Amino acid sequence: MLEDQNSAPRRKFAWADKWVKMTGERARIDAKVNNTYIVYEKNGKLVKEFPNGNVVPLPNEDQSL
């Protein structure tokens, strides 16, 4: 019983973490096959990741005006 109290808190929907990770991996595979890129948020900013591994930040909406 004490071991459970000392362990990290368990999330109610822990399966979602695995599902999200697998979805991201699948997006990378599809991008590579179709020679395109994926867009995601990294450190609070949107970035494009190309099949060759290059990661390019997207310009802010404020900067494009």
Side-chain angles (χ1 to χ4, degrees):
M1 180 104 173
L2 292 176
E3 293 175 17
D4 290 339
Q5 292 174 353
N6 293 333
S7 65
R10 300 181 94 192
R11 291 179 42 152
K12 185 174 182 179
F13 298 106
W15 59 268
D17 291 333
K18 184 178 178 182
W19 183 78
V20 169
K21 183 178 179 184
M22 290 181 356
T23 302
E25 291 172 358
R26 180 63 197 191
R28 281 187 177 88
I29 292 168
D30 288 346
K32 191 170 190 174
V33 168
N34 295 309
N35 197 29
T36 186
Y37 57 86
I38 59 173
V39 177
Y40 58 92
E41 185 176 337
K42 183 176 183 179
N43 298 329
K45 297 187 179 193
L46 291 177
V47 296
K48 282 185 187 179
E49 182 177 327
F50 293 91
N52 62 4
N54 289 344
V55 178
V56 179
L58 289 174
N60 276 342
E61 292 177 12
D62 298 338
Q63 293 175 354
S64 65
L65 295 176

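This chain uses plain numbering: 1 for the first residue, then up along the sequence. The model shown is predicted, which means the values in this text are computed figures rather than measured ones.
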Is there a chain of hydrophobic side chains (I, L, V, M, F, W, Y, each step under 4.5 Å between heavy atoms) that links Val55 to Leu58? no
Taking all non-hydrogen atoms of both residues into account, name the closest pair between Pro51 and Ala31 and its distance. CG-O, 3.7 Å
For residues 19-27, dump all side-chain donor-acceptor pairs below 3.5 Å to protein atoms at least two apart in sequence or in another chain.
| unit_1 | atom_1 | unit_2 | atom_2 | d |
| --- | --- | --- | --- | --- |
| Thr23 | OG1 | Trp19 | O | 2.8 |
| Arg26 | NE | Asp30 | OD1 | 3.2 |
| Arg26 | NH2 | Asp30 | OD1 | 3.1 |

Pair listing, side chain to side chain donor-acceptor pair (under 3.5 Å) test, anchored in residues 32-48, at least two apart: Tyr40-Glu49
